[in-house]
Amino acid sequence: MNTLGRHILGDLWNCDVSCLEDIDYVEKLFVRAALKAGAEVREVAFHKFAPQGVSGVVLISESHLTIHSFPEHGYASIDIYTCGDHLQPEEAFHTIVEGLKCRKYDINEIRRGAVFNT
């Protein structure tokens, strides 16, 4: 069985709060992570909430990377969804974990779009 895409879901705990609050830093980190995975970046949109938190998306030709940060909890939820078999989404994940100085994380991978050969 082959799949059309890989979807990595991450829960990042004990992150550096100053990183989670810095929209410019988070945006650059996510673009760097996408490129490290081998993706082609198309569009970038990030928003800083008051009083705290950042949400954003990096659209790539192969799908997307997203974040929702909760600095008050030292937490971020991330999605990395890639289509095709030429990317390395786990490289993007570990780049983000390292960049947010995360000390604990959970990672789940879902294979999307099962293709059954008949």
Side-chain angles (χ1 to χ4, degrees):
M1 176 178 74
N2 294 320
T3 57
L4 299 175
R6 296 170 63 192
H7 198 161
I8 292 180
L9 306 172
D11 289 307
L12 282 56
W13 296 99
N14 297 28
C15 298
D16 183 301
V17 173
S18 63
C19 292
L20 294 177
E21 297 245 46
D22 186 336
I23 188 171
D24 294 326
Y25 178 80
V26 173
E27 182 176 322
K28 289 175 186 168
L29 174 62
F30 268 68
V31 169
R32 187 170 71 243
L35 295 172
K36 189 146 187 175
E40 181 180 350
V41 174
R42 291 295 185 167
E43 291 187 44
V44 178
F46 281 76
H47 178 78
K48 174 115 170 84
F49 292 95
Q52 56 198 9
V54 171
S55 289
V57 61
V58 174
L59 293 176
I60 57 177
S61 294
E62 304 83 359
S63 201
H64 68 267
L65 290 80
T66 65
I67 183 171
H68 301 284
S69 77
F70 300 81
E72 68 274 24
H73 299 290
Y75 171 79
S77 63
I78 65 169
D79 271 28
I80 302 168
Y81 184 30
T82 61
C83 298
D85 57 4
H86 65 286
L87 297 186
Q88 298 176 324
E90 63 281 348
E91 288 292 324
F93 180 82
H94 291 294
T95 298
I96 294 165
V97 166
E98 186 176 298
L100 294 177
K101 301 175 185 163
C102 172
R103 293 192 311 269
K104 179 182 174 194
Y105 64 84
D106 292 318
I107 181 173
N108 292 291
E109 182 176 335
I110 301 168
R111 299 288 178 150
R112 306 291 303 265
V115 178
F116 298 94
N117 296 328
T118 57

Determine whether [X] and [Y] fall in the same hydrophobic cluster, where Ile, Leu, Val, Met, Phe, Trp and Tyr are linked whenever their side-chain heavy atoms lie under 4.5 Å apart.
X     : Y     : result
Ile78 : Val44 : yes
Leu35 : Val57 : no
Tyr25 : Val54 : yes
Val17 : Val97 : no

Let me check something: any side-chain donor-acceptor pairs from residues 27-34 under 3.5 Å, sequence neighbours excluded? List them with distances.
none

Are [X] and [Y] packed together at the side-chain level, in the sense that at least one heavy-atom pair is separated by less than 4.5 angstrom?
X      : Y     : result
Leu100 : Ile67 : yes
Glu109 : Ile8  : yes
Val115 : Leu4  : yes
Leu20  : Leu12 : no

Q) What pairs with Glu21 under salt bridge (charged side-chain N to carboxylate O under 4.0 Å, His left out), at least two apart in sequence or on another chain? A) Lys48
Q) Taking only residues two or more places apart in sequence or in another chain, which ones pass salt bridge (charged side-chain N to carboxylate O under 4.0 Å, His left out) with Arg42? A) Glu40
Tabulate below the donor-acceptor pairs under 3.5 Å that side-chain atoms of residues 81-90 make, not counting sequence neighbours, or state none.
residue	atom	partner	partner atom	Å
His86	NE2	Glu62	OE2	3.4
Glu90	OE1	Arg6	NH1	3.3
Glu90	OE1	Arg6	NH2	2.8

Q: Hydrophobic side-chain clustering at under 4.5 Å (ILVMFWY, transitive links): who's grouped with Leu9? Put none if nobody.
A: Ile110
Q. For atom CD of Glu98, is the number of surrounding heavy atoms from other residues, nucleotides or ligands below 6.0 Å larger than 12?
A. no
(Q) Ring-plane angle category for Phe70 and Tyr75, please: parallel below 30°, perpendicular beyond 60°, tilted otherwise. (A) tilted
Q. How far apart are the closest heavy atoms of Cys19 and Val26, and which atoms are they?
A. O-CG2, 3.2 Å
Q. What closest approach, in Å, do Trp13 and His73 show between heavy atoms, and which atom pair accounts for it?
A. CE3-O, 4.3 Å
Q. For residues 34-58, which residue pairs qualify under ring pair (Phe, Tyr, Trp, His ring centres under 6.0 Å), counting only residues two or more places apart or in two chains?
A. His47-Phe49
